[in-house]
Amino acid sequence: MDKIKMTTPLVEMDGDEMTRILWKIIKDELLLPYIDLKTEYYDLGLEHRNETDDKVTIESAEATKKYGVAVKCATITPNAARMTEYDLKEMWKSPNGTIRAALDGTVFRAPIQVKGIAPCVKNWEKPITLARHAYGDVYKNTEIKVPGAGKAELVFTGEDGKEIRKTIQEFTGPGIIQGIHNTDKSITSFAKACFNYALDTKQDLWFATKDTISKIYDHNFKDIFNDIYEAEYKDKFEAAGIEYFYTLIDDAVARVMKAKGGFIWACKNYDGDVMSDMVSSACGSLAMMTSVLVSPTGVYEYEAAHGTVQRHYYKHLKGEETSTNSVATIFAWSGALRKRGELDNIPELMTFADKLEKATLGTIESGKMTKDLALITTLEDVTVLNSQDFIKAIRENLDKELA
């Protein structure tokens, strides 16, 4: 068959370690034989980020703004050990964090559900998508270890010099203090990204905080979401037949455990960090989780929710077989291709993305999978394949889907 033509490039962000190896295999086996693939390529591998003083990460984010759709491989966020291993100039920031900040984006994560891998919560019939506000709170906190007795105060000094001052605690002995913040601008972007994504995916949207206890901080989130919904999205939601629902975070947790799924659950930064891992674990693993960063202006960046699979990479370097689950990385590509096809009005590209996902799930459901996948399946007859053979098995199914 003729290759599917693209009109606008995807921004392609290559990554590190075992996922970088899989990235190339996926392109060679599952994409290039079928698509005249147009990408603007950026190497976000740690060595190249180091060579460019991490300018390549900024450049990739700017290109994503320009073209509207990106697909990203997993990358290393260096720690002290990586500094030595890669002989780094400095401990470069997380590429994901840099890109999120540049796009002002919200991260949406959802489990990839497969017959034979049943969620631990048996009533979850459809995926639950976690929307995490990836700004502020404890992730940009300031902390003090209090040495002894004294008064802790929260002080804001305005540009005009006026102060707002509140006592946090009168300490009679040692303790700790933590200061966190957020901005109306960031919360507004988060809210709009959530409302837009709900409309885009035709799913109900839940949002939850603890405004009964945090009567200013959390209540501000609640108010901004409500004001934006009433002013800009209420009519659109009603026309789409979907609902916006607010409740307390503890009530949301209780409701989620009894729900059937099929909705977006928007959470503040820490809540989203914790709850996305809960949902992914209950549905298999992070290797069976999609992740898409969405900006309030409608820019999309797709990636797998997991890391670079370091342990498998070291085995690969020794020439040993690896059994890395590539499903989430494949779905990052299919998500980006589908969105590119939607924006450019290329139905063939959207159909290809659908069939690629169907072929991937069909391969698993037929019992062919990697060792990591086999550990979470309930299927009785399983054939365990190495990383490359698993992708080749998907290609066989894809050829049947496209025939």
Side-chain angles (χ1 to χ4, degrees), residues 10-35 37 39 41-46 60 64 69-77 95-96 99 107-114 117 127 276 280 283-293 300-313 315-316 322-340 352-364 368-374 376 385-395 397-398:
L10 289 170
V11 176
E12 178 186 351
M13 306 175 188
D14 210 343
D16 287 297
E17 296 186 323
M18 199 61 215
T19 46
R20 186 183 182 97
I21 304 300
L22 291 175
W23 194 259
K24 185 178 186 307
I25 298 171
I26 289 167
K27 285 178 66 178
D28 289 345
E29 292 286 340
L30 301 179
L31 305 178
L32 293 174
Y34 310 100
I35 303 170
L37 192 63
T39 71
Y41 179 86
Y42 293 87
D43 184 358
L44 299 194
L46 187 52
S60 71
T64 302
V69 185
V71 58
K72 180 181 174 295
C73 185
T75 47
I76 294 169
T77 299
N96 288 350
I99 296 165
V107 179
F108 295 87
R109 288 183 170 180
I112 300 165
Q113 291 193 327
V114 189
I117 303 178
S276 63
S280 68
C283 292
S285 73
L286 279 173
M288 296 296 290
M289 196 88 166
T290 63
S291 183
V292 54
L293 178 71
Y300 288 72
E301 182 246 291
Y302 295 81
E303 62 179 330
H306 57 73
T308 59
V309 202
Q310 181 184 20
R311 71 189 188 282
H312 285 188
Y313 180 61
K315 288 179 66 177
H316 171 79
T322 60
S323 183
T324 312
N325 182 356
S326 54
V327 171
T329 305
I330 293 169
F331 270 62
W333 273 104
S334 63
L337 291 168
R338 184 184 296 107
K339 177 55 67 174
R340 184 78 278 162
F352 174 83
D354 293 341
K355 290 187 175 181
L356 175 56
E357 291 180 3
K358 186 177 179 182
T360 302
L361 300 182
T363 302
I364 299 168
K368 295 178 183 177
M369 57 191 70
T370 61
K371 184 178 179 181
D372 287 3
L373 261 169
I376 58 175
L385 303 175
N386 63 39
S387 303
Q388 187 153 2
D389 287 345
F390 176 61
I391 292 172
K392 287 182 177 179
I394 293 171
R395 180 171 178 177
N397 267 349
L398 182 57

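Note that these values count all heavy atoms, side chains included, but never hydrogens, waters or copies made by symmetry.
Note: Phe390 CZ to Met369 CE = 7.5 Å, rounded to the nearest 0.5 Å. Distance check: Thr290 OG1 to Phe331 CZ gives 8.5 Å after rounding to the nearest 0.5 Å. Atoms CD1 and CG, from Ile330 and Leu30 in turn, are 5.5 Å apart once rounded to the nearest 0.5 Å. Distance check, rounded to the nearest 0.5 Å: NZ of Lys24 to CD of Glu29 gives 9.5 Å. Atom CG of Leu398 and atom OG1 of Thr360 lie 7.5 Å apart (nearest 0.5 Å). Note that the CG atom of Asn386 and the NZ atom of Lys392 stand 8.5 Å from one another [nearest 0.5 Å].
At a threshold of 4.5 Å between non-hydrogen side-chain atoms, the residues Ile99 and Met13 count as touching. Two residues are said to be in side-chain contact when any heavy atoms from C-beta on lie closer than 4.5 Å; Ile35 and Trp333 fail this criterion. Counting heavy atoms from C-beta outward, Leu337 and Leu37 have side chains that approach closer than 4.5 Å. Inter-residue side-chain proximity for Leu356 and Tyr34 is flagged as unmet; no heavy-atom pair is nearer than 4.5 Å. A 4.5 Å side-chain heavy-atom check between Asn325 and Val309 finds every atom pair outside the cut-off. The closest side-chain heavy-atom distance from Ile112 to Leu361 is below 4.5 Å. In this structure, Asp14 and Arg20 have side chains that are in contact, with non-hydrogen atoms separated by less than 4.5 Å. Leu22 places a side-chain heavy atom less than 4.5 Å from the side chain of Ile391.
Between Lys72 and the options Leu293, Thr19, Asn96, Val11, a side chain to side chain contact (heavy atoms under 4.5 Å, CB included) holds for only Asn96.
For the 3.5 Å distance criterion, the side chains of Glu301 and Thr64 fail to qualify, holding no donor opposite an acceptor. Between the side chains of Tyr300 and Arg338, no donor-acceptor pair is found at a separation under 3.5 Å.
For the residue pair Ser323 and Leu385, the shortest heavy atom distance occurs at OG-O, 3.6 Å. Closest approach of Trp23 to Glu12, counting heavy atoms only: NE1-OE2, 3.0 Å. Here the closest non-hydrogen pair linking Ile364 and Ile117 is CG2-CD1, 4.4 Å. Smallest separation of non-hydrogen atoms from Arg109 and Ala305: NH2-O, 3.4 Å. When every heavy atom of Gly335 is checked against every heavy atom of Tyr302, the shortest pair comes out as O-CZ, 3.4 Å. Residue Thr75 comes nearest to Gly15 through the heavy atom pair CG2-CA, 3.8 Å, listed as atom of the first residue, atom of the second, then distance.
Side chain of Asp16 to main chain of Ile76: a donor-acceptor pair is present (N/O by atom type, distance under 3.5 Å, no hydrogens or angles). For Thr329 (side chain) and Ala304 (main-chain N/O), no donor-acceptor pair under 3.5 Å exists by modelled atom type. A donor-acceptor contact shorter than 3.5 Å is absent between the side chain of Thr324 and the backbone of Ser387.
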Salt bridge (Lys or Arg N to Asp or Glu O under 4.0 Å) assessment of Lys358 paired with Asp354: CA-CA 6 Å; Lys358 186 177 179 182; Asp354 293 341; over 6 Å; no
side-chain contact (heavy atoms from CB on, under 4.5 Å) between Leu44 and Cys73, intermediate numbers included: CA-CA 8 Å; Leu44 299 194; Cys73 185; over 6 Å; no
Derivation and outcome, side-chain contact (heavy atoms from CB on, under 4.5 Å), residues Met289 and His306: CA-CA 8 Å; Met289 196 88 166; His306 57 73; over 6 Å; no
Test side-chain contact (heavy atoms from CB on, under 4.5 Å) applied to Leu31 and Phe352, step by step: CA-CA 10 Å; Leu31 305 178; Phe352 174 83; 4.0 Å; yes
Check against side-chain contact (heavy atoms from CB on, under 4.5 Å), Leu46 and Thr308: CA-CA 11 Å; Leu46 187 52; Thr308 59; over 6 Å; no
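Around atom NZ of Lys371, no more than 12 heavy atoms belonging to other residues, nucleotides or ligands sit under 6.0 Å away.
With sequence neighbours excluded, no residue satisfies ring-ring contact (aromatic ring centres under 6.0 Å, His included) with Tyr313.
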